[in-house]
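The structure appears below as structure tokens.
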Amino acid sequence: MEVSPDYAVQMHGITKTFGSFRALDGVDLDVRKQTVHAILGENGAGKSTLMNVLYGLYQADEGEVYLGGEKVKMSSPLDAIAHGVGMVHQHFMLVENFTVTENIILGNEVCGAAGVLDMPRAKKEVEKIVEEYGFDVDPDAKIEDITVGMQQRVEILKALYRGADTLILDEPTAVLTPQEIEQLINIMHALVAKGKTIIIITHKLHEIMESADVCTIIRRGKYMGTVNVSETTEEELASKMVGRHVNLTVEKSPAKPGETVLSVKDLHVKDRRGIEQVRGLNLDVRAGEIVGIAGIEGNGQDEFVDALDGLVKVESGTISVRGNNIENTTPRNVLDHKVATIPADRQRLGLVLPFTVAENSVLERHGEETFGKGVTLDAAKVRDFANGLIEEYDIRPADCVDSPAGGLSGGNQQKVIIAREVSSQPDLLVAVQPTRGLDVGAIEFVHKALIRERDRGAAILLISLELDEVMDVADTIKVIHHGQIVGSFEQGTVSEEKIGLLMAGGGEQ
Ligand code: ADP
Ligand code: MG
């Protein structure tokens, strides 16, 4: 692409290495002024790295950057800000006990004649921007008291206050509810209408279709092309992103639920600080069905799962598996009732990273006849078993049986956990955020595995912060809010908006 003043940003032939690892390999990005330009790629593709180069946080090894047709060199974020480039990071950088206005002006204070901070003037300026773009934020509220969605708007305001013409948003929707995503998309369009340019990083295809004009795809640090969003499909984007055809729709037959396997009644559980997090939760999961729980992080999901797994004490209420009460027993007892869990934190709870893949494939299965007598394991049997799983689940690299699990990629680590948990043929499989951090290809695999288990007759409890995942995979969709189930729907009978509203604590069912 020729260098031209029509483009807010042009990055040509950007290469960036970390040690011997090439995170970016000759990547091009041409962002036309006053457009929303998406950057799509799997986890680890190099999206944040590319934007950190633009924002002056990283120095590229090779390549040029042009803003409005002028060649620039960004040595630091201060340089970038001076050139009108702002960035909202994945993790916010706000001061909790400061107000919205204080955070916005922090580090960029307007001073009066005597060099003293002119707070009223700063406040007026902030209010002007808030009004101009129709932001829904209270300038006097403290950060700790406002929602994540509002905090994000504060970050955007902060960049605008510093005079950003081009705004980089790194995975901005990961932390938002559907309503907040809607609002963000509206804000993006309002900004573009007023002359700004937006670069948005995401790996969610439908968000690109809804919000962006143009999309650049990168795969493993390489440029894969740029497409006009109006001329492409989610399928085309997905296959460009992962390099093969991916099935985006979850295919499954209707559930044939059998008897109740898990029954939770009026459950109350406190967190480590003694604050009640599960507040009278009721739930049943039958054999042969997937019950999905949608909810915003921190609404009691973690404490509920810990109670299910026998890791924390239950204050009151019951948890029974096939009629046997398992609350306040032991994790071992829970396992003995054929409950398997795919934990949210696979590196901490799911795998022993320094152990080999073979060892990890039989964790918790000491004492079973299959793997030798008593407490000792028969190493050869374990290796055979693990190799079987590696083949069946296509865990890569194929010769990883004696390698430490910590050396595998996130997707392959997750496959090891799923292979192990599923191979024990559980009656109840609890899958917590089973696809977190995985790319589309691996997500497809995990969802198929859950459905296969369902069809074998297991009861599946899926707990996820990804609303799409719950909507697509679960036969029954439940919403958790404030430690209670606040809604329950058969798949296909409820809109995403309705679920989103319930997740945020709004609306009676
Ligand atoms: P994405 O944002 O597309 O998920 P990143 O740009 O964060 O990916 O990372 C691309 C690759 O570069 C990853 O393999 C990551 O581990 C590596 N990487 C990113 N930043 C650093 C760093 N500071 N040091 C070493 N490796 C890094
Ligand atoms: Mg990133």
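A cation-pi contact, defined as under 6.0 Å to the ring centre and within 45° of the axis, is absent between Lys381 and Phe385.
More than 12 heavy atoms of other residues, nucleotides or ligands sit less than 6.0 Å from atom CZ of Arg279. Other residues, nucleotides and ligands contribute only 12 or fewer heavy atoms inside 6.0 Å of the CZ atom of Arg272. Annotation: Arg396, atom CZ; neighbour count of heavy atoms from other residues, nucleotides and ligands within 6.0 Å does not exceed 12. Within a 6.0 Å radius of NE2 in His482, no more than 12 heavy atoms belonging to other residues, nucleotides or ligands are found.
Between the side chain of Asn228 and the backbone N or O of Val214, no donor-acceptor pair lies under 3.5 Å. Put simply, the side chain of Glu96 never gets that close to the backbone of Glu144: no donor and acceptor are under 3.5 Å apart. Remark: the backbone N or O of Leu308 is not paired with any side-chain donor or acceptor of Glu327 at under 3.5 angstrom. Here the side chain of Arg219 pairs a donor or acceptor atom with the backbone of Lys240 at under 3.5 angstrom. With hydrogens and angles disregarded, no donor-acceptor distance shorter than 3.5 Å links the side chain of Asp306 to the backbone of Leu311. No donor-acceptor pair under 3.5 Å is formed between the side chain of Glu497 and the backbone N or O of Gln179. Of the possible donor and acceptor atoms, none in the side chain of Glu62 sits under 3.5 Å from a partner among the backbone N and O of Gly26. Here the side chain of Asn299 pairs a donor or acceptor atom with the backbone of Ile296 at under 3.5 angstrom. No donor-acceptor distance shorter than 3.5 angstrom exists from the side chain of Thr341 to the backbone of Pro343, with no hydrogens or angles considered. Arg454 contributes no side-chain N or O that, together with a main-chain N or O of Ile460, makes up a donor-acceptor pair within less than 3.5 Å.
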> Would Val446 and Ile342 satisfy side-chain contact (heavy atoms from CB on, under 4.5 Å), going step by step from the backbone distance to the final call?
Replying inline: CA-CA 11 Å; Val446 171; Ile342 301 168; 5.9 Å; no

>> Run the side-chain contact (heavy atoms from CB on, under 4.5 Å) test on Leu57 and His89 for me, step by step, so that the C-alpha distance in whole Å, both residues' side-chain angles and the decisive distance to 0.1 Å come before the verdict.
In response: CA-CA 12 Å; Leu57 278 167; His89 294 273; 3.5 Å; yes

>> Quick one, Asp170 with Ser48, criterion side chain to side chain donor-acceptor pair (under 3.5 Å). Give me CA distance, side-chain angles, the key distance, then yes/no.
In response: CA-CA 7 Å; Asp170 192 350; Ser48 294; 2.7 Å; yes

>> For Asp213 and His37: C-alpha separation, side-chain torsions, deciding distance, then whether side-chain contact (heavy atoms from CB on, under 4.5 Å) applies.
In response: CA-CA 6 Å; Asp213 302 300; His37 195 118; over 6 Å; no

>> What verdict does the salt bridge (charged side-chain N to carboxylate O under 4.0 Å, His left out) test give for Glu259 and Arg322, after you've listed the backbone C-alpha separation in whole Å, the side-chain angles of each residue and the deciding distance to 0.1 Å?
In response: CA-CA 8 Å; Glu259 62 180 281; Arg322 291 201 185 281; 3.1 Å; yes

> Given the rule in the side-chain contact (heavy atoms from CB on, under 4.5 Å) test, do Met11 and Val9 qualify, once you have shown the distances and angles that lead to the verdict?
Replying inline: CA-CA 7 Å; Met11 301 178 80; Val9 173; 3.9 Å; yes

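When only modelled atom types and interatomic distance are considered, Lys265 and Ser263 share a side-chain donor-acceptor pair under 3.5 Å. The closest side-chain donor-acceptor pair between Glu469 and His447 falls under 3.5 angstrom. Side chains of Asn412 and Ser409: a donor-acceptor N/O pair is present below 3.5 angstrom, by distance only. In the model, Thr17 has a side-chain atom that pairs as donor or acceptor with a side-chain atom of Asp61 under 3.5 Å.
Inter-residue side-chain proximity for Glu182 and Leu176 is flagged as unmet; no heavy-atom pair is nearer than 4.5 Å. A heavy-atom distance below 4.5 Å is not found between the side chains of Thr356 and Val401. A 4.5 Å side-chain heavy-atom check between Val339 and Pro426 finds every atom pair outside the cut-off. A heavy-atom distance below 4.5 Å is found between the side chains of His12 and Met1. Using a 4.5 Å cut-off on side-chain heavy atoms (C-beta onward), Gln152 and Phe92 make contact. Side chains of Val285 and Val261 form no contact here, defined as non-hydrogen atoms less than 4.5 Å apart. In this structure, Ile319 and Leu262 have side chains that are in contact, with non-hydrogen atoms separated by less than 4.5 Å. Proximity of Asp30 to Thr226: side-chain heavy atoms (C-beta onward) are nowhere separated by under 4.5 Å.
Atom CD in Glu235 sits 8.5 Å away from atom CG in Leu205 (nearest 0.5 Å). Taken from SG in Cys400 to CG in Asn387, the straight-line distance is 8.0 Å, to the nearest 0.5 Å. Atoms CD and CD1, from Glu171 and Ile200 in turn, are 9.0 Å apart once rounded to the nearest 0.5 Å. The distance from atom CD of Glu453 to atom CD of Gln425, rounded to the nearest 0.5 Å, is 7.0 Å. In this structure, OG1 in Thr216 is found 9.0 Å from CG in Asp28, a value given to the nearest 0.5 Å. Taken from CD1 in Ile218 to CG in Leu50, the straight-line distance is 5.5 Å, to the nearest 0.5 Å.
Here the closest non-hydrogen pair linking Gly500 and Leu467 is N-CD2, 4.5 Å. When all heavy atoms are compared, the tightest approach of Gln491 to Val473 is NE2-N, 4.1 Å. In this structure, Leu40 and Lys47 approach most closely via the heavy-atom pair C-CD, 3.9 Å. Closest heavy-atom contact between Glu289 and Thr476: OE1-OG1, 3.5 Å. When all heavy atoms of Ile451 and Val250 are compared, the pair lying nearest together is CD1-CG1, 3.3 Å. When all heavy atoms of Leu450 and Ala431 are compared, the closest pair comes out as CD2-CB, 4.0 Å.
Using a 4.0 Å cut-off between charged nitrogen and carboxylate oxygen, Lys204 and Glu466 count as a salt-bridge pair. Using a 4.0 Å cut-off between a side-chain N of Lys or Arg and a carboxylate O of Asp or Glu, Glu496 and Lys498 do not qualify as a salt bridge. The pair Asp475-Lys252 meets the salt-bridge criterion, since a charged nitrogen lies less than 4.0 angstrom from a carboxylate oxygen.
Paired with Lys222 under the rule side-chain contact (heavy atoms from CB on, under 4.5 Å), one option of Ile217, Leu24, Asp25 passes, and it is Asp25.
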